[in-house]
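Below is one structure, written out as structure tokens, with a few remarks after it.
Convention: sequence-line order gives letters A, B, ...; per-chain numbering from 1. Being a predicted model, the structure only gives us computed values, none of them experimental.
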Amino acid sequence: MSDHDHDVPELDDALRDLLASEHARPDVPAEMSARLLARVHATIAAPVAADLSNEADASPVDAATSSATTSSVTTAVATTGSALLTKGAIGIALVSFVAGAGVGVIGHANLATPPEPEVRVVVREVIRNVAAPATPAPPIPPPEAVARTAADAGARVPEAGVDAGAPTEDAGEPETGRDLGLADENALVSRAQTALARGRAGEALEALSEHQRRFPRGQFTEEREALAIQALSRLGRMEQAVARAERFRARYPGSLMMRVVDAAVRTP
Amino acid sequence: MTERPPDDRTTSGHFDFDEVFKLNLGYVIHSLRRLGVREADLEDLAHDVFVIVHRKSTDYDPSRPIKPWLFGIAVRTASEHRRRASVRRETLGHTVESPDPSLDAVTRIEERQKRELVLSALESVDESRRPVLVMHDIDGFGMKEIVEALAIPLNTGYSRLRLARTEFAAAVARLRKRGGIT
């Protein structure tokens, strides 16, 4: 059926010419193309930096049973403090005193003891995805040295089937904070994908949970969800996998990953 | 309708990211601009699009033309960008393009005015309908390719095109009247 059959009004000649002029745009300058390509490669090659500041608050959304990873270390330091009596607590104590010893015991028990303030020192470390290494993995850098270097870029796991142009010495670091965010997202999803390919579904779900916590509506949400469904299926958590697949279908009706999602939850 | 673009499938069926980037960066940049992304944000958004392209490359079906697939990613990236930041309306005048030296000054000015008119009028088209208009009436894709790239039903595609053309025509008329442009 043509446009006309769908009651689509024709464009007059003037409008058609106007839109045609927009079609014929010149190409971008070569310098811009080279600069952007280098920037993209830097982002793709960057390893993820662990954001451990909210580790204690992480929601357990489909969190996997823990498995060994090369990842994070958190150093927590707690300090104690003395309880402070609030005005309300003093009032309760006074009432308790007047009422007598027995009431006083109850009143004392009701005094709210504020939680001991806690100080956590968060160590931010660089996590690398390392493929079957031919050489020993480099030591994890000290906490104060969180630097993404070109050498780190060389440890990236290549994706099968894609000639992505392996990172070269020129694929430096992501240029800006915004690129780092996308690089982290990309690296987390890559880590999950690699873990899943190697039969480590639990590890994959850990990475995907971290992605969900840090980037709940990130650029790779669709991929995250598809991978999570596959990981849940492989772990035998079919009820969760099916539920998540239903949400995926509703949210991404035309997704190119629907095929793998359907296959993951299909009953044999 | 503009002429249908030539077949732009990846040449060998194998996804060479660098080749895809170099051949299609211009298309992605111009598509983002038509989708309302400010000039100042074009490089950032183009970077994001191609990082996503790299990630999704294993999902790409090489039997299909690549530009609609890239445009679909650009649409979602631009939409996400708008959602995250309150983006002020672009004040036209700044451009990443260099003027065509083969054109005389008068023609260059006319071409620039024409572009400003198109981009301003596109901004008046509803955000949900603009991608269909751009893909159909600027890029020249058929509705089947468009609805696949945008993951919408066929009737929705035609409905959006109908409304978008009406909005675009009204905007052009209004802008011409306001600016005295013929």
Side-chain angles (χ1 to χ4, degrees), chain A residues 1-3 5-12 14-29 32-37 39-41 43-44 159-165 175-176 178-179 182-183 185-186 189-190 193 217-220 222-223 226 252-257 260, chain B residues 1-3 5 14-18 21-22 25-26 29-30 34 43-44 46-48 50-52 54-61 76-77 80 83 96-98 100 111 114-115 117-119 121-122 133 136-140 143 147-148 150-152 155 158-159 161-162 165-166 168-169 172:
Chain A
M1 296 182 80
S2 67
D3 294 354
D5 294 330
H6 286 82
D7 295 327
V8 177
E10 290 291 330
L11 288 168
D12 64 33
L15 286 177
R16 196 172 295 119
D17 289 344
L18 196 58
L19 289 164
S21 70
E22 176 57 24
H23 175 73
R25 301 308 312 166
D27 211 347
V28 297
M32 180 191 189
S33 177
R35 181 175 69 244
L36 259 178
L37 182 59
R39 185 178 163 190
V40 170
H41 274 302
T43 300
I44 291 167
E159 293 188 41
V162 174
D163 177 2
E175 289 185 10
T176 63
R178 68 180 306 286
D179 289 7
L182 195 59
E185 264 204 83
N186 188 50
V189 176
S190 288
Q193 195 169 32
R217 298 173 77 171
Q219 299 276 18
F220 301 131
E222 190 178 345
E223 287 87 345
Y252 308 108
S255 173
L256 293 173
M257 285 174 275
V260 295
Chain B
M1 194 175 80
T2 53
E3 192 181 303
H14 170 68
F15 198 101
D16 183 326
F17 177 77
D18 281 17
F21 180 93
K22 288 167 188 167
L25 174 62
I29 291 264
H30 294 312
R34 293 160 193 156
E43 281 203 35
D44 283 349
H47 157 272
D48 293 356
F50 279 101
V51 170
I52 296 168
H54 182 271
R55 160 136 300 287
K56 287 178 175 283
S57 56
T58 50
D59 301 329
Y60 169 65
D61 178 357
R76 286 186 279 278
T77 305
E80 200 59 32
R83 189 187 61 77
V96 298
E97 295 178 3
S98 304
D100 185 346
E111 290 297 311
K114 216 184 272 185
R115 180 151 216 236
L117 179 60
V118 171
L119 293 177
L122 280 174
L133 182 73
H136 192 276
D137 291 342
I138 296 178
D139 294 337
M143 191 54 75
V147 297
E148 277 175 3
L150 301 179
I152 57 177
N155 284 341
Y158 278 113
S159 171
L161 180 64
R162 181 175 64 247
R165 279 184 171 178
T166 305
F168 183 78
V172 169

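- B:Asp61 is linked by a salt bridge (Lys or Arg N to Asp or Glu O under 4.0 Å) to B:Arg64, counting only residues two or more places apart in sequence or in another chain.
- One N or O on the side chain of B:His30 and one on the backbone of A:Pro26 form a donor-acceptor pair closer than 3.5 Å.
- Between A:Leu18 and B:Leu117 the shortest heavy-atom distance is CD2-CD2, 3.9 Å.
- To the nearest 0.5 angstrom, A:Asp179 atom CG is 6.5 Å from B:Asp44 atom CG.
- The distance from the CZ atom of B:Arg165 to the CG atom of A:Leu11 is 4.0 Å, given to the nearest 0.5 Å.
- Every salt bridge (Lys or Arg N to Asp or Glu O under 4.0 Å) that A:Glu22 has, sequence neighbours left out, goes to B:Arg34, B:Arg115.
- Among all heavy-atom pairs drawn from B:Lys56 and A:Met257, the shortest one is NZ-CE, 4.1 Å.
- A distance-only check finds no donor-acceptor pair linking the side chain of B:His47 to the backbone of A:Val40 [under 3.5 Å].
- Side-chain contact between B:Lys114 and A:Asp17 is absent, with no heavy-atom pair separated by less than 4.5 Å.
- Contact between B:Gly26 and A:Asp27 at its shortest, heavy atoms only, is CA-OD1, 3.5 Å.
- Residue B:Leu25 comes nearest to A:Ser33 through the heavy atom pair CD2-CA, 3.5 Å, listed as atom of the first residue, atom of the second, then distance.
- The minimum heavy-atom distance linking B:Ile52 with A:Phe220 is given by the pair CG1-CE2, 3.5 Å.
- Of the listed residues (A:Val189, A:Leu182, A:Leu37), the one with the most heavy-atom contacts under 4.5 Å to chain B is A:Leu37.
- Using modelled atom types, one finds a donor on one side chain and an acceptor on the other under 3.5 Å when comparing B:Asp18 with A:His41.
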Could you go through B:Arg55 and A:Glu185, starting from their C-alpha distance and side-chain angles, then the distance that decides it, and tell me whether this counts as salt bridge (charged side-chain N to carboxylate O under 4.0 Å, His left out)? CA-CA 11 Å; B:Arg55 160 136 300 287; A:Glu185 264 204 83; over 6 Å; no

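- Residue B:Glu43 holds its CD atom at 4.0 Å from CZ of A:Arg35, rounded to the nearest 0.5 Å.
- Put simply, the side chain of A:Thr43 does not reach to within 4.5 Å of the side chain of B:Phe50, judged on heavy atoms.
- Of the two parts of B:Phe21, only the side chain, counted from C-beta on, holds a non-hydrogen atom closer than 4.5 Å to a non-hydrogen atom of chain A.
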Can you list the steps and then say if A:Met32 with B:Ile29 is a side-chain contact (heavy atoms from CB on, under 4.5 Å)? CA-CA 11 Å; A:Met32 180 191 189; B:Ile29 291 264; 3.5 Å; yes

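- Here the closest non-hydrogen pair linking B:Arg162 and A:Pro9 is CG-CD, 3.5 Å.
- A:Val260 does not touch chain B: none of its heavy atoms, backbone or side chain, sits under 4.5 Å away.
- Once rounded to the nearest 0.5 Å, the distance linking CZ of B:Phe17 with CD1 of A:Ile44 reads 4.5 Å.
- Most heavy-atom pairs under 4.5 Å with chain A: of the set B:Leu122, B:Val51, B:Asp59, this distinction falls to B:Val51.
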